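Chain letters run A, B, ... following the sequence lines, proteins first, then strands; residues in each count from 1. Being a predicted model, the structure only gives us computed values, none of them experimental.
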Amino acid sequence: MDANNVLEIRGLNVEFASERGRLRALRDVDLTIPRGSIVGVVGESGCGKSTMINSIIGLLAHNATVSSGSISFQGEDLLQKSERELRDIRGQHISMIFQDPMTTLNPVLSIGTQMIDIQYRDQIPKAQKKARSIEMLSRVGIPDPESRLDNYPHQFSGGMRQRIAIAMALQAEPELLIADEPTTALDATLEVQIIHRLKDLQHSMGCSILFISHHLGVIAELCDFVIVMYGGEVVERGTVRDIFHRPSHPYTFKLLECDPARIAETTRSLPTIPGEIPNLAKLPPGCIFADRCERSIGLCREKIPPSTEFAEHHWARCHLAGEVSST
Amino acid sequence: MWLYFLKRILLGILIVVVAVSLLYSMIHMVPGDPVKTILGPRASPELQAQIREKMGLNDPLPVQIVKFIGRVATGDLGEDVFKRKSVNTIVFEQLPHTIYLVLAGIGWAMLVGIPLGCLSAIYRNSMIDRFAGILSVSCIAIPTFVVALYSVLLFAVTLKWLPAIGAGDGGFGSYISHLILPAFAVGLGWVGYLARLVRASMLEVMSENHVRTARAFGLPEKTIVFKYVLRLAILPTITLIGMGIGILLSSAVFTEIVFARPGIGRLIYDAVTSRNYPVVMGSVLVTTILFVVSTTIADLINALVDPRVRTEG
Ligand SMILES: Nc1ncnc2c1ncn2[C@@H]1O[C@H](COP(=O)(O)OP(=O)(O)OP(=O)(O)O)[C@@H](O)[C@H]1O
Ligand SMILES: [Mg+2]
C-alpha cells in the first residue's frame, strides 16, 4: 500500500444472506483515499454506499459476510482485525457522521454527557474533557456552547444537531472522517453552511474525508476525488475534474446529462434514469448496467467489464472506456 | 418540569373522582336493597325509611355522589354498619399487609425479570435467550393461585421450610418468613412480563440509529447496553411496574385467601360476600386511589429519566 494513502480498499466483495437468496451487495470494489483529501461517493439508493462504509468500520449487519478483499487503513488490513482492535480504531482514528441528525444522538442523555463519554479512552480529568467539547462545539458554530452542553438533542434544531455530530466526530482528531449523506436531511442553505464548515475544519485539522452524497453539486464543490457506484460496483473513479468534465462510463454520463446545469444548480437528489435498478440476487452474466445502457454492444451482455485505468488516475468499468466521450 | 408534575397530579385527582363516581353508581345499580341487607328482611318500614333517610339514599344519584366525594375528600370513608366501626380503621388495618405483599412480589420480580430480559436481549437467539423465553412464558401462563397452592404444598407442607398461613405472630422475623411464599406467588407471573417487555424494548432501542452512532464511536459494549440502551428501554418497564403494583393491590385476593393472610383483597372479598357496602366502597376506593398514585409515580419517574417528556410542559 502507498504510504500517502489513508485508506485503500481492494477487491472488496460483500454478500447478504436474505430470503431472496445471496445478495451480492458489493462486487470487486476498489477505493483509494489519499492523505488529506476528500473523496466523494455518488450513486443511486441501494447501490451499496452504506454497505461499503459499514465494512470499513466493521459494523456490517449480522447477515453480511465479506467474502474477499482487503481494507488497508494506515497500512493495516481492517478485515483481519478483532472486534476489540476495531473498537479502538472507531471514534479515535476513523469517525462517522450519519445521515439523519434527528435520530443519531441518544435522546435521554445530554449533549455534554455524550461528548464526554466518547473521550473515555483519554486519561484526563473530566473538566478537561468538558473544555475540549466546549471548544469543539464553538468551532462548529454552536453559540454559547458552555451552557448548551447540558441540553438534550431534542432542544436543538436539525442543523444544530448535525453540527454537534460533526463536533463529536472531529473531537478525537481522527485520520479519517466518514460522512454518510450528512446533509441529505437538511434544507439547502443549511447544507451549504455545513459543507463549508466541514471543509474549513478539514483544512485546519488535516484529516481525510470519505463523503457520501446524492447531491452532485455538493460533491463537485467539496471533493477532490469521486467514485461513482452502480448496483454494488464502482463503475468509475477519478479526480473531480475528470468525473465531471470527462465522464467515461455511460452511467456517469447519464447522471450528468440528466442534470443539465451540471454542478452549479441545487439538485436535491440524483436524477432518475430510465430502467430498473439491478436485482443483486440474480445478476446478469455481463455488465451490470447493460440493460439501461444506450451504447451497449454484444460483448456487454456476455462479459463483465474489468476496472481499467484508461487514463492516468481515471478508472472505469466499461468495455468502451475511453471511447465514450462527453462531447 | 414542575408544570408537568402538576398537570400529572391534577389528572390523577380527576381520574380518582371519575372512578369514584362510576363505582358509586355501579354499586347502587346492583339489585337488592342495601337497607334491607343491613336491617334484615323483617325490619319495620318506618325503620327502613329512617335508615334510608340517614344514609342519604333518597337524594338523586348525582347529589349522592357529590356528597360522597365531599365526605371522602375530608378523609371519611363512612361506617361499617355491621361492626359499627369506622371504615377508615378497618381499611387501614388491612392495607399495610397488602402493600408489603405487593411490593415484595413486584420487587423480586424486578430483581429477576429485568436482568433476565437484558440477558435475552444481549444474547438474542442464543440458548440463554430461548431458555429465558420459555421460562418467562411459563411464569406468565401459570395462574397465581396454582403457584400459591403448589408452593404451600412444597415448601410448607412437604419440606416444612416456611410457614403456610397467616401473617406471623407480630415479630419482624416471623412477618418476613410469612411473607416469602405469598410474595413468590404474587411475583412469579411478573417475572415473565418484565423479562419479555425488557427484552422487546431493549431490542427495539438497540436497532435505533443512535446506538449505531455509539458503536461507531467505539464505546464499550457495557456502556452502550447499560447507559445508552437500558435508560431508554426501561421507560415502558417503569410504566408497567406502576400498573402492576396498582393491579396487584386489588388482585392479590387469591393469594391472600390461599395463605389466609389479612389484606385489602381479602377484605373486599369478605365485604362483597356479606354485602357490606360501606366496606366494599371504602376499600375499593382506597385501592383505586393507590392505583392512580402508583401509575402517576411511574409517570413522574419516567419524566425524570426522559428529558423529552419533562420539557413537553
Ligand atoms: N442487512 C441487509 N440484509 C439484506 N440486504 C441488505 C442489508 N443491508 C443492505 N442490503 C441491500 O444491499 C444493497 C445496498 O444497500 P446500502 O444500504 O448499502 O445502499 P445505499 O447505497 O447506502 O443506499 P441509500 O442511498 O438508500 O442509503 C441494497 O440492495 C439493500 O437492499
Ligand atoms: Mg445508505
Side-chain angles (χ1 to χ4, degrees), chain A residues 50 53-54 56-63 83-111 113-121 150-155 161-162 164-165 168-172 174 177-180 185, chain B residues 1 3-4 118 120-126 128-129 198-199 201-239 298-313:
Chain A
S50 299
I53 58 174
N54 288 336
I56 299 173
I57 54 169
L59 287 179
L60 280 168
H62 294 289
N63 60 339
E83 174 61 26
R84 250 218 73 82
E85 292 170 315
L86 279 176
R87 215 171 59 213
D88 280 341
I89 291 174
R90 288 182 208 135
Q92 188 163 228
H93 302 287
I94 302 180
S95 0
M96 294 276 304
I97 304 172
F98 294 99
Q99 172 171 351
D100 185 3
M102 302 317 261
T103 59
T104 49
L105 294 167
N106 188 298
V108 296
L109 296 171
S110 71
I111 297 303
T113 306
Q114 299 186 54
M115 291 188 81
I116 289 166
D117 274 356
I118 60 173
Q119 303 178 52
Y120 73 99
R121 299 180 182 97
D150 294 327
N151 286 168
Y152 293 88
H154 71 276
Q155 292 165 302
R161 282 195 221 185
Q162 203 55 305
I164 293 167
M168 286 173 76
L170 291 177
Q171 188 172 245
L177 175 71
I178 301 176
D180 190 357
Chain B
M1 176 153 79
L3 190 66
Y4 174 81
C118 288
S120 290
I122 295 168
Y123 302 104
R124 64 189 155 281
N125 301 331
S126 68
I128 300 177
D129 183 22
V198 168
R199 178 184 187 273
S201 46
M202 290 260 296
L203 287 183
E204 192 186 316
V205 175
M206 276 181 184
S207 69
E208 282 172 13
N209 283 341
H210 58 84
V211 175
R212 182 188 58 184
T213 310
R215 291 234 161 80
F217 277 109
L219 285 183
E221 201 59 24
K222 228 174 41 211
T223 315
I224 294 181
V225 171
F226 293 107
K227 190 167 179 183
Y228 284 67
V229 174
L230 195 57
R231 207 179 268 232
L232 270 163
I234 207 73
L235 297 172
T237 313
I238 294 172
T239 307
D299 281 356
L300 298 185
I301 294 177
N302 266 353
L304 284 179
V305 180
D306 189 344
R308 290 167 301 180
V309 178
R310 215 183 320 165
T311 43
E312 200 173 79

Part of [X] within contact of chain B (heavy atom distance under 4.5 Å):
X: A/Arg121; answer: side chain
X: A/His93; answer: neither
X: A/Gln155; answer: side chain
X: A/Ser110; answer: neither

Please find the pair of heavy atoms, one from B/Ala214 and one from B/Tyr228, that lie closest to each other, and give the distance. CB-CD2, 4.3 Å
Write down the atom of A/Leu59, the atom of B/Arg212, and the distance for their closest heavy-atom approach. CD1-O, 4.3 Å
Answer yes or no: are there more than 12 heavy-atom neighbours, outside A/Tyr120 itself, under 6.0 Å from its atom OH? yes
Short side-chain donor-acceptor distance under 3.5 Å, A/Asp117 and B/Thr223: no
Under a 4.5 Å cutoff for heavy-atom pairs, which residue among A/Asp100, A/Leu109, A/Asp88, A/Ile89 has the most contacts with chain B? A/Leu109
Which bit of B/Val211 comes within less than 4.5 Å of chain A, counting heavy atoms only: side chain, backbone, both or neither? neither
Side-chain donor or acceptor of A/Asp180 paired with backbone N/O of A/Ser50 under 3.5 Å: no
